[in-house]
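Accompanying notes for the structure given below.
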Amino acid sequence: MNINELRGKTVAFAASGGLDSCTITHWLAEQGVKVICLTADLGQPDENDFEEIKQRMLASGASESISVDLRNEIAEMGLEVIQTGAKYEGNYWNLTGAARQVIVKGLIPKLKEYNITIFSHGATGRGNDQVRFQVIASMLNPNISFYAAWRDPNFLKQFKGRKEMIAYCQQNNIPIKATADKPYSTDANLLGLTHEGGALENLETKMQFVKPGLGKWPIDSADIPQILQITYDQGRPVKIGGKEQTLVEVFEMLNAIGGEHGIGIAENLVENRFVGVKSRGVYESPAMVILAYSYQQILQQLLDKRSLTLYQHISAYLGTQLYQGYWIDLGSRMARKAISELTKLVSGDVTIELYKGNLSYISTQNIKYSLYNKEGSMENEGSFDHADSEGLLNILTLNARTAALSGHIS
């Protein structure tokens, strides 16, 4: 769909309140499109007042600007990412992929409420978000249509990038926060911050070029280690230091504590985008890193080698599914259901130490379903008799000798 097909119609625009949102909203309004802006409150640490976003979007030409509180939903999403171990390509905690699931699921009902059939977004034509927005929305409402400015030749003719958008907003007195002085963009939510674009696209640009939004670089972090106890109940972190917290409070607290100790600050990754190109992202996710590390300590005590192998396979699968926008399709639902059998067994206290960007295991207690016991002791404890392994080794070496004598070993 292009602007010529859109004039005179109403669109629901997923607006973050950033540079792209303001530019696209104003440009659409100028072209004769009625724009209803929908903004998801995801607990963005870089937005102190959502009323400011509303005023920003109205100043950009929106007919209405509506905020939808999705803080609980993003917290629940982040927790399930941790429970399923759904990282992408090794060490990326799917911050934006998780957020897009929550945003689309939270905003799509507003289209029905306002009788709107066209959903618009500001995702670039070179990135993953366009796929996520439209795949997720199509699953939730197969009758919806889409408009993406960054795929419209009319828009692209006028706007090549941030420089042109900033100049456009300044010319039209749109109160944007972005400036030409900040040479990269940031996407934020309760789970963490994503920095990309601009100078960060040059792989010779050091991570330290980024100004942390959730804390400090490890070298600048607190000089005194901090001991932290996290209590889990059926897969949920319910207490920090013995004090009960809501899930949103857990993320907020651990982002603050972890940030002060340089935990999960600006992890650097070069990743494969869904559209087939590589990109560089610099990420901050203190709470996700802390929760994942502590959660893993319990899993290591619960899972036998066969269930651990299955868990790792499912985690890798779900990490890619979430990254590409397929978190709610049949395959993902099957995989998530399988993980839920384990999640309800994750209970107990994990104590860790935070210091200069590092996490260290201190202890675990009250792990109800732990497989760790005296049977594996190297001392004279438990019922495991050393001599019982004689027969096992006779069998294992028989196979090894047969392979060697048959010429299979070279």
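Computed over heavy atoms, backbone and side chain alike; hydrogens, waters and symmetry mates excluded.
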| message | Between Glu271 and Lys278, does the salt bridge (charged side-chain N to carboxylate O under 4.0 Å, His left out) criterion hold? Intermediate values first, please. | response | CA-CA 6 Å; Glu271 65 205 48; Lys278 284 190 178 290; over 6 Å; no
| request: I would like to know whether Val250 and Ile230 meet side chain to side chain contact (heavy atoms under 4.5 Å, CB included); could you show each step before the answer? | output: CA-CA 10 Å; Val250 166; Ile230 302 174; over 6 Å; no
| task | Check the pair Ile74 / Phe251 against side chain to side chain contact (heavy atoms under 4.5 Å, CB included), numbers first and verdict last. | result | CA-CA 10 Å; Ile74 189 66; Phe251 275 98; over 6 Å; no
| request: Dump the intermediate steps for side chain to side chain donor-acceptor pair (under 3.5 Å) on Glu196 and Ser185, then the final yes or no. | output: CA-CA 6 Å; Glu196 58 188 3; Ser185 63; 5.2 Å; no
| salt bridge (charged side-chain N to carboxylate O under 4.0 Å, His left out) assessment of Asp129 paired with Arg273 | CA-CA 10 Å; Asp129 278 343; Arg273 284 182 180 169; over 6 Å; no
| request: Check the pair Val104 / Phe133 against side chain to side chain contact (heavy atoms under 4.5 Å, CB included), numbers first and verdict last. | output: CA-CA 6 Å; Val104 177; Phe133 275 119; 3.4 Å; yes
| Chi angles and distances behind the side chain to side chain contact (heavy atoms under 4.5 Å, CB included) call for Val35, Ser63 | CA-CA 6 Å; Val35 184; Ser63 297; 5.8 Å; no
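The aromatic rings of Tyr295 and Tyr232 stand perpendicular to each other, their planes meeting at an angle above 60°, with 30° marking the opposite boundary. Using cut-offs of 30° and 60° for the angle between ring planes, the Tyr323 and Tyr88 rings count as parallel. The aromatic rings of Tyr92 and Tyr283 sit parallel, their planes meeting at an angle under 30°, below the 60° perpendicular limit.
Using a 4.5 Å heavy-atom threshold, the side chains of Glu244 and Val238 count as separate. In this structure, the side chains of Thr23 and Phe159 come closer than 4.5 Å at one or more pairs of heavy atoms. Side-chain atoms of Leu193 and Pro45, non-hydrogen and from C-beta on, do get closer than 4.5 Å to each other. Annotation: side chain of Gln229 is in contact with side chain of Gln365 (closest heavy-atom distance under 4.5 Å). A 4.5 Å side-chain heavy-atom check between Asn4 and Leu6 finds every atom pair outside the cut-off. The shortest distance between side-chain heavy atoms of Arg162 and Tyr184 does not fall below 4.5 Å. Using a 4.5 Å heavy-atom threshold, the side chains of Leu322 and Gln101 count as touching. Proximity of Glu47 to Ile53: side-chain heavy atoms (C-beta onward) are separated by under 4.5 Å at one or more points.
Taking every heavy atom of both residues into account, Ala292 and Ile82 meet most closely at CA-CG2, 3.9 Å. Of all heavy-atom pairs between Ala86 and Trp327, the closest is CB-CZ3, 4.1 Å. Between Asn255 and Ser285 the shortest heavy-atom distance is OD1-C, 4.5 Å. Here the closest heavy-atom approach between residue Leu42 and residue Phe50 is recorded as N-CZ, 4.4 Å. Considering all non-hydrogen atoms of both residues, Lys54 and Ser65 come closest at CA-OG, 3.4 Å. Residues Ile24 and Gly122 come closest through the heavy atom pair CD1-CA, 3.6 Å.
A side-chain contact (heavy atoms from CB on, under 4.5 Å) with His261 is found for one member of Leu354, Ile224, Ile290 and no other, namely Leu354.
Interatomic distance, CG of Leu190 versus CG of Leu95, reported as 10.5 Å (0.5 Å rounding). The distance from atom OG of Ser67 to atom CG of Asp41, rounded to the nearest 0.5 Å, is 5.0 Å. One distance of note links CD1 of Ile108 with CE of Met139; it measures 12.5 Å at 0.5 Å rounding. Taking CZ of Phe384 as the reference point, atom CG of Asn373 lies at 11.5 Å (rounded to 0.5 Å). Atoms CD and NZ, from Gln234 and Lys368 in turn, are 8.5 Å apart once rounded to the nearest 0.5 Å. Note that the CG atom of Leu303 and the CD1 atom of Ile298 stand 11.5 Å from one another [nearest 0.5 Å].
The number of heavy-atom neighbours closer than 6.0 Å to CD1 of Ile219, taken from other residues, nucleotides and ligands shown, is 12 or below. Environment of OH in Tyr369: sparse, with no more than 12 heavy atoms of neighbouring residues, nucleotides or ligands closer than 6.0 Å. Within a 6.0 Å sphere centred on CZ of Arg7, heavy atoms belonging to other residues, nucleotides or ligands number more than 12. Surrounding CG of Asn115 are at most 12 heavy atoms belonging to other residues, nucleotides or ligands under 6.0 Å away. Residue Lys356 places its NZ atom among more than 12 non-hydrogen atoms of other residues, nucleotides or ligands, all under 6.0 Å distant.
Taking 4.0 Å as the cut-off between side-chain N and carboxylate O, Glu201 and Arg280 do not count as a salt-bridged pair. A salt bridge between Arg336 and Glu80 is present, with a side-chain N of the basic residue lying under 4.0 Å from a carboxylate O of the acidic one. By the 4.0 Å N-to-carboxylate-O rule, Asp233 lies too far from Arg236 to be salt-bridged with it.
With hydrogens and angles ignored, the 3.5 Å screen pairs no side-chain donor or acceptor of Ser294 with any backbone N or O of Val350. No donor-acceptor pair closer than 3.5 Å links the side chain of Ser370 to the backbone N or O of Ile367. Counting only distance, with no hydrogens or angles, the side chain of Thr205 and the backbone of Asn202 share a donor-acceptor pair below 3.5 Å. With Lys216 contributing its side chain and Pro212 its backbone, the two residues share no donor-acceptor pair below 3.5 Å. Under the 3.5 Å distance criterion, the side-chain polar atoms of Lys87 are matched with a main-chain donor or acceptor of Gly90. Remark: the backbone N or O of Tyr168 is paired with a side-chain donor or acceptor of Asn172 at under 3.5 angstrom. For Ser120 (side chain) and Tyr147 (main-chain N/O), a donor-acceptor pair under 3.5 Å exists by modelled atom type. Without hydrogens or angle criteria, Glu284 side chain to Gly213 main chain gives a donor-acceptor distance under 3.5 Å. One N or O on the side chain of Gln83 and one on the backbone of Gly235 form a donor-acceptor pair closer than 3.5 Å.
Residues Gln130 and Gln134 have side chains that never bring a donor and an acceptor to within less than 3.5 angstrom of each other. Between the side chains of Asp329 and Ser332, a donor-acceptor pair is found at a separation under 3.5 Å. Gln324 and Asn128 are not linked by any side-chain donor-acceptor pair at a separation below 3.5 angstrom, with hydrogens and angles left out of the test. Arg132 and Thr96 share a donor-acceptor pair across their side chains, judged by distance under 3.5 Å alone. Side-chain contact, Asp349 with Asn366: a donor N or O sits under 3.5 Å from an acceptor N or O. If you check the side chains of Gln301 and Thr364, you find a donor sitting under 3.5 Å from an acceptor. Gln158 and Trp27 form a side-chain donor-acceptor contact under 3.5 Å, judged by distance and modelled atom types alone.
Aromatic rings of Phe146 and His121 (six-membered ring for Trp) have centroids beyond the 6.0 Å cut-off, not under it.
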